[in-house]
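In what follows, a structure is listed as structure tokens, so that the remarks can point back to it.
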Number of protein chains: 2
Amino acid sequence: MTNRDAIEIFHNYLATKNLKHSEQRMSILQDFLDSGKHLTAHELFVLVQKKTPSVGFATIYRTLKLLCECGLCRELKLDDGTTRYEYQDETQHHDHLICTKCGKFVEVLDPEIERLQDKLFDAYGFLPQRHRLDLYGICKSCNK
Amino acid sequence: MTNRDAIEIFHNYLATKNLKHSEQRMSILQDFLDSGKHLTAHELFVLVQKKTPSVGFATIYRTLKLLCECGLCRELKLDDGTTRYEYQDETQHHDHLICTKCGKFVEVLDPEIERLQDKLFDAYGFLPQRHRLDLYGICKSCNK
DNA sequence: TATGAAGTTGATATTCATTATCATGATGAA
DNA sequence: TTCATCATGATAATGAATATCAACTTCATA
Ligand SMILES: [Zn+2]
Ligand SMILES: [Zn+2]
Ligand SMILES: [Zn+2]
Ligand SMILES: [Zn+2]
């Protein structure tokens, strides 16, 4: 999925909800897409401020919420209590390896784990919605 | 592991840290063990208050922190933003199936998933510390 | 069992992330 | 251009968790 696709998804979502375009929303989406990282709301705020200093903090949160609603963003509640937001490509689910020393994120996917998770849902009669798999450890460069 | 074992672990931990016994700490630990559930700090506070009304909220948090430090308690940061605390038996790790409608927790363990997780740590050169696997869905009774 | 240093407590204030409020400004269909 | 509707930034408010502090326990020692 290209950035253009993502922007179109956002536009369509706004349209179906009778919401309006705004420079702020586009500016935030652009930086969110460009960063390609797992950002905190504050980190995104700093990024956006560089180009559009007038944008307020509340609008960052408001826009992140919209992006989550239309499936472009995933909110990550981490064990250290922080919340991070990442661009989500519906077609490419992934889980995370996280270094507890330097905070590095590695995106991982094990199809077999995914399959076994579905089996667990099934075994207990649950209708699957989503899952969170975070693997916390110490990365190679921190473990010297 | 029996409750007696858990209490001894706690006592030993206090001793090694030059911390002291107190009625409040014992009262909180007792209710924590007896509940056998995934409690919020507030839910535990209510439980403890029934027997020991003088206990303050801060002491609940302080004691939960100690219990986590000595390995008797696991803190669960959930996707809905709530934090729950559960009794942790070091010898019996488990993950969670969580109903997003009624909040039901089911404890699950798939040895194969556990094994594949270790392989992921290994493949990326991470030293494993812990993981969080939460499976969110709708349970049988909520899905009628 | 009395003493006192060190740890603990409850109440309260404080912090921090997030959300709600509201007057003002922007959007876009007609 | 008009105007109903929505969006915005600033600010206040919320809620969970932590820090502060004077008064109270605990417990090793005398
Ligand atoms: Zn996954
Ligand atoms: Zn990611
Ligand atoms: Zn597990
Ligand atoms: Zn559990």
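A, B, ... follow the sequence lines: proteins, then strands. Residue 1 opens every chain. Small disclaimer: the values here were computed from a predicted structure and weren't measured.
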List the atom pairs, with distances to 0.1 Å, where a side-chain N or O of residues 71-78 of chain A and a protein N or O form a donor-acceptor pair under 3.5 Å, not counting sequence neighbours.
unit_1: Arg74(A); atom_1: NE; unit_2: Glu86(A); atom_2: OE2; d: 3.4
unit_1: Arg74(A); atom_1: NH2; unit_2: Glu86(A); atom_2: OE2; d: 3.0
unit_1: Arg74(A); atom_1: NH2; unit_2: His94(A); atom_2: O; d: 2.7
unit_1: Glu75(A); atom_1: OE2; unit_2: Tyr85(A); atom_2: OH; d: 3.3

>> Holding to ring pair (Phe, Tyr, Trp, His ring centres under 6.0 Å), I want the full list of residues that pass it with Tyr61(A), two or more places apart in sequence or in another chain.
In response: Phe57(A)
>> The criterion is ring pair (Phe, Tyr, Trp, His ring centres under 6.0 Å); which residues satisfy it with Phe121(B), sequence neighbours excluded?
In response: none
> Can you name the side chain to side chain contact (heavy atoms under 4.5 Å, CB included) partners of Lys20(A), sequence neighbours left out?
Replying inline: none
> Is there a donor in the side chain of Thr100(A) and an acceptor in the side chain of Gln129(B), or the other way round, less than 3.5 Å apart?
Replying inline: yes
>> Is a donor from one side chain sitting under 3.5 angstrom from an acceptor on the other, for His93(A) and Glu114(A)?
In response: yes
> Expressed in angstrom and rounded to an integer, what is the separation of Glu43(A) atom CD from dT18(C) atom P?
Replying inline: 12 Å
>> From CZ of Phe45(B) over to C1' of dT9(C), roughly how many Å is that when rounded to an integer?
In response: 13 Å
> Of the residues in residues 18-32 of chain A, which ones touch DNA chain D at a heavy-atom distance under 4.0 Å?
Replying inline: Asn18(A), Leu19(A), Lys20(A), Ser22(A), Gln24(A), Arg25(A)
>> What residues from residues 60-77 of chain A pass a heavy-atom cutoff of under 4.0 Å to DNA chain D?
In response: Arg62(A)
> Taking 5' to 3' order, which nucleotide of DNA chain D is first and which is last to have an atom within less than 4.0 Å of a heavy atom in chain B?
Replying inline: dA16(D) to dC27(D)
Got a sec, which residues hit side chain to side chain donor-acceptor pair (under 3.5 Å) with [X], two or more places apart in sequence or on another chain?
X: Asp5(A); answer: Thr2(A)
X: Asp80(B); answer: Thr82(B)
X: Glu23(B); answer: none

> Base, sugar-phosphate alone, or nothing: which one does Thr82(A) contact when heavy atoms must sit under 4.0 Å apart?
Replying inline: nothing
> Base, sugar-phosphate, or nothing: which does Thr83(B) touch, judged by heavy atoms less than 4.0 Å apart?
Replying inline: sugar-phosphate
>> Both Lys17(B) and Gly56(B) contact DNA chain C. Which one's nearest nucleotide lies toward the 5' end?
In response: Lys17(B)
> Residues sharing Ile138(A)'s hydrophobic cluster, by side-chain heavy-atom contacts under 4.5 Å among ILVMFWY, directly or via others?
Replying inline: Leu127(B)
> Taking ILVMFWY side chains as joined if any heavy atoms are under 4.5 angstrom apart, and letting links pass through other members, which residues group with Leu109(B)?
Replying inline: none
